[in-house]
Protein chains: 2
Amino acid sequence: MRRALNKKRQVERSAETQQLLIEAAIEMLCEKGFAGATTANIAACAGVTTGALHHHFSTKDDLLFGVLDYVSERIVLEFRAFGRKGRGQPIDLQLLVKQLWSIYGGPQYWSIWEIIMGSREDERMRERLLQHRERTMEALNQCWLTMNPNLTFIDQRTARVLDLLLSSIRGLCMDRFMRSDEQYFHDQLTLLVASIEPIFAERRSLAE
Amino acid sequence: MRRALNKKRQVERSAETQQLLIEAAIEMLCEKGFAGATTANIAACAGVTTGALHHHFSTKDDLLFGVLDYVSERIVLEFRAFGRKGRGQPIDLQLLVKQLWSIYGGPQYWSIWEIIMGSREDERMRERLLQHRERTMEALNQCWLTMNPNLTFIDQRTARVLDLLLSSIRGLCMDRFMRSDEQYFHDQLTLLVASIEPIFAERRSLAE
DNA sequence: ATTAATCCATATTGCACAGTACGTATTACG
DNA sequence: CGTAATACGTACTGTGCAATATGGATTAAT
């Protein structure tokens, strides 16, 4: 469905196919959920067969590990870029929320949640998921510290406010299952900014 | 696992078994997720066999409809009781959040989300889910109007603030997959109250 | 140029699942 | 009391799934 087989080096083709499979897996996880994202579905979406899938990923869990690593990497890079862009400038809450929404509110990250919820009894997967969480949270923290060069660590209060922000975005994301008008999401994000702003200001004044 | 078979009327026993199955379904949905909540699992959890399950609910979807109706009913009743209790009194935001958390943040409501996410491609189920949403939201609105007798309808702004509240609670609920310390949830709810309070006050002053 | 390795497809296997068929014991009813 | 209906349980069936086995075609290595 997607594969365009052109003549290349084996290593390149191999990497390309793996990437195709990872992206197809993400797409199927978002579209059909954990239970609906079968190997056949994923393979078909990537334009290959289950044979190819099992050649590159010996097990379905392996493929999901691939998804996890891929998304983790992207998130880390995005946070790093965002941190550099806002270095030293006063925090623009609206921009921050927009960034967090683009990372965690998009359909792509939802695939991770599907994995989290679908593999809740798989011990090996849970370990990996905790690592993923560790990595991405660390990236967010580093991003924050880069943007506030005068800080050396993140106080508890700030961490919790960020947690609340993430929770709200997560919950808003789930509204996609029932609503589809983008205007709603935009409005709610604006409202979220307005509601968080005061306790952010409070934090700032406490720091002084 | 759960059934205590005492001699009763057939209708009573029948109703009791159905209730047992519904509660077992909720438990399995929460514990193992949509994919993990198999008919065998649910039946075992209820202390019966799949034969009994299929006797009372001809299809698995029927059982899920039962779950949906049961939870909807409970929510409607809870909102009604809460509305009566707070009739005419000024809104206690903290109490409201606590109530919403007890309804939507508990493990029970999570089963509904499992159904929503797991049946996203099932048109019949989606219809039912929309009805459920309609009913419970209407109950929340009625609750709100009961608590504010001077109001005749809910303005857009208030509706959106309530939506934000629900989103945040929903997102916080998902933290259960990664965290387990109740203190965290308590803290975040407090923070949520603090963040919503100002925009609530603003709404109030606008009304005057 | 052979040989080996890689990439991928087709066909198959084994298993878990929802749903069915049917049997049995208990309860309701005339 | 006898008969029908109900409430289950047991055993089975068909299906969809992840995973395996195998073979062919292309690419790399010697």
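Reminder, nothing fancy here: chain letters follow the sequence lines and each chain counts from 1. Both backbone and side-chain heavy atoms feed into the values below; hydrogens, waters and symmetry mates do not.
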dC8(C) OP1/OP2 closer than 4.0 Å to side-chain N/O of Arg13(A):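 It does, given that an N or O in the side chain of Arg13(A) lies less than 4.0 Å from OP1 or OP2 of dC8(C).
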Can you tell me if Thr17(B) touches the phosphate of dC8(D), counting only side-chain N or O atoms and a distance under 4.0 Å to OP1 or OP2? yes
Taking the side chain as every heavy atom from C-beta outward, state whether Lys60(B) and His54(B) have any pair of such atoms under 4.5 Å apart. no
Of the candidate nucleotides dG9(D), dC8(C), dA7(D), which contains the atom at the shortest distance from the side chain of His56(B)? dA7(D)
Return the polar atom pairs (N/O with N/O) between nucleotides 3-6 of chain D and the protein under 3.5 Å, or none.
{"residue": "dT6(D)", "atom": "O3'", "partner": "Gln10(B)", "partner atom": "OE1", "Å": "3.4"}

Distances for protein N/O vs nucleotides 21-23 of chain C N/O pairs under 3.5 angstrom?
none

Would you mind checking if Lys85(A) and Asp92(A) are paired as a salt bridge, meaning a charged N to carboxylate O distance below 4.0 Å?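 No, Asp92(A) and Lys85(A) are not salt-bridged.
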Would Glu114(B) and Lys32(B) pass as an ion pair if we require N to O under 4.0 Å?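 Salt bridge flag = no for Lys32(B) with Glu114(B).
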Contact list for residues 132-142 of chain B, test side-chain hydrogen bond (donor to acceptor under 3.5 Å, both in side chains), sequence neighbours left out: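 Output for this query lists Ser72(B)-His132(B), Glu73(B)-Arg135(B), Tyr109(B)-His132(B), Glu138(B)-Gln142(B).
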Could you write out each protein N or O paired with an N or O of nucleotides 14-18 of chain C at a distance under 3.5 Å?
{"residue": "dA18(C)", "atom": "OP1", "partner": "Thr39(B)", "partner atom": "N", "Å": "3.3"}
{"residue": "dA18(C)", "atom": "OP1", "partner": "Lys60(B)", "partner atom": "NZ", "Å": "2.9"}
{"residue": "dA18(C)", "atom": "OP2", "partner": "Thr39(B)", "partner atom": "N", "Å": "2.7"}
{"residue": "dA18(C)", "atom": "OP2", "partner": "Thr39(B)", "partner atom": "OG1", "Å": "2.5"}

ring-ring contact (aromatic ring centres under 6.0 Å, His included) pairs, two or more places apart, involving residues 153-180 of chain A: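 As it turns out, the ring-ring contact (aromatic ring centres under 6.0 Å, His included) pairs with a partner in residues 153-180 of chain A, which skip direct neighbours, are Trp110(A)-Phe177(A).
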Enumerate the residue pairs fulfilling ring-ring contact (aromatic ring centres under 6.0 Å, His included) with a member in residues 66-93 of chain B, sequence neighbours excluded, ordered by first and then second residue. none
Using the rule given for side-chain hydrogen bond (donor to acceptor under 3.5 Å, both in side chains), can you reason through Gln99(A) versus Glu78(A), listing the C-alpha separation, both sets of side-chain angles and the distance that settles it, and then say yes or no? CA-CA 9 Å; Gln99(A) 177 68 20; Glu78(A) 282 219 49; 3.2 Å; yes
